[in-house]
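What you are looking at is a predicted structure, and each value in this text was computed from that prediction instead of being measured. Computation of the quantities below employed the complete heavy-atom set of this structure, encompassing side-chain atoms and omitting hydrogens, waters and symmetry-equivalent molecules.
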Amino acid sequence: MDIKKLRVSGWITLALAAAALEPILVKFGYRDALAPAQLIVLKNLTAAVIMLPLLGKVKAVGLAGFRQMILPGILLFTTSFMVFLSLQYLQVVLVITIVTTTPALVALVNCRLGRESADGKFWAGLFLCFAGVVLTLDYRDIAVNYLGVICACISALSSTFYRVKMEELTTAYSPVVCSFCTFFLQAILTLFLLPFVGAVPAQACALGLWLGLSAAIGNIAFLCALNIVGSTRISILTMLQRPLIIVLAAVSLKETINAMQLLGIVLVMLGVHLAQVRRVAEIKNSGLPC
């Protein structure tokens, strides 16, 4: 087996597992009457503490490199905060639907920057992925809150620019170092929330540990995969998260998969296969037309 493909599969699987856990943990937090700001504090400060053993690796970045991490750190903080806010006002299914538009936004930005060339086959595959995710979701009794929708849209936009920027930075610095720097910056931004958080119940510490652990592991895995395949491709591959959750629930919880969900899974798998972008630099080197 190709070592590169094996590495990508491993990082993507780890990133998907961590990303699938976060919305569930957030909902548990809301069930315990925790506020979005409290969950953000628990997540970001815990993740920063977990990543402290990586502090020695930051020396290679230098002050100039660290400055380049400031914008991604702010974007990642915005993404997380807006997702947490949207989950307070919207059902998870609607948040997932809005956030699922992120790969399309990433592809548009990368094409605009001249990094990639996306043809009709790519956009058809992307449409199949989106349609497949929608088919796997249960929209019964859905309620739309416009503030929640705005927060989810802002999250999708900030996530888009975070991914595009990180594709650039992970070519110059280690993905692990990039992840540590952005989480360190997130922790600094989180400190400004402390005066507005109030007392966090002691029983929430365990939830904070899981949130921080999933965030740290998920971000490192995501950036390692992004460094190998690019921001557009990794964004497409993360759309496998929803089918993965359904299959795991069917196996571990003995839940049944209905016909619409099965069709959705097939569409996502087919769409991921079709949605292949071409790197402009590679096309030029090969002498093929863009």
Pairs flagged by side-chain hydrogen bond (donor to acceptor under 3.5 Å, both in side chains) wherever residues 262-276 is involved - sequence neighbours left out:
none
Is it true that the side chains of Gln261 and Thr136 contain a donor and an acceptor less than 3.5 Å apart?
no
Residue pairs fulfilling salt bridge (charged side-chain N to carboxylate O under 4.0 Å, His left out) with at least one residue in residues 168-196, sequence neighbours excluded:
Arg115-Glu168, Lys165-Glu168
According to side-chain hydrogen bond (donor to acceptor under 3.5 Å, both in side chains), who are the partners of Arg163, at least two apart in sequence or on a separate chain?
Ser159, Ser235
Any donor-acceptor N or O pair under 3.5 Å, side chains Thr102, Thr160:
no
The criterion is side-chain hydrogen bond (donor to acceptor under 3.5 Å, both in side chains); which residues satisfy it with Ser80, sequence neighbours excluded?
Lys43
Could you list who else is in Leu105's hydrophobic cluster, with ILVMFWY side chains joined at under 4.5 Å, directly or through other members?
Leu157
Do the side chains of Met51 and Thr182 get nearer than 4.5 Å, heavy atoms only?
no
Working to the nearest 0.5 Å, report the span between CD1 of Ile40 and CZ of Phe84.
4.5 Å
Side chains of residues 86-93: which donor-acceptor partners sit under 3.5 Å, not counting sequence neighbours?
| residue | atom | partner | partner atom | Å |
| --- | --- | --- | --- | --- |
| Ser86 | OG | Met82 | O | 3.2 |
| Ser86 | OG | Val83 | O | 2.7 |
| Gln91 | NE2 | Asp141 | O | 3.1 |

Give me each pair satisfying salt bridge (charged side-chain N to carboxylate O under 4.0 Å, His left out) with a member in residues 76-104, each pair once, sequence neighbours excluded.
none
List for me each residue that meets side-chain hydrogen bond (donor to acceptor under 3.5 Å, both in side chains) alongside Tyr173, sequence neighbours excluded, and say none if there are none.
Gln68
Heavy-atom side-chain proximity of Phe161 to Leu71 below 4.5 angstrom
no
Kindly give the cluster partners of Leu274, where membership spreads through any ILVMFWY side chain lying under 4.5 Å from a current member.
Leu128, Leu135, Met260, Leu263, Leu267, Leu270
Side chain to side chain contact (heavy atoms under 4.5 Å, CB included) partners of Cys153, counting only residues at least two apart:
Ile98, Val149
Is there any side-chain hydrogen bond (donor to acceptor under 3.5 Å, both in side chains) pair reaching into residues 212-230, and which pairs are they, with sequence neighbours excluded?
Tyr162-Asn219, Ser179-Asn219
Taking only residues two or more places apart in sequence or in another chain, which ones pass side-chain hydrogen bond (donor to acceptor under 3.5 Å, both in side chains) with Ser155?
none
Between Phe222 and Thr238, is any pair of side-chain heavy atoms under 4.5 Å apart?
yes
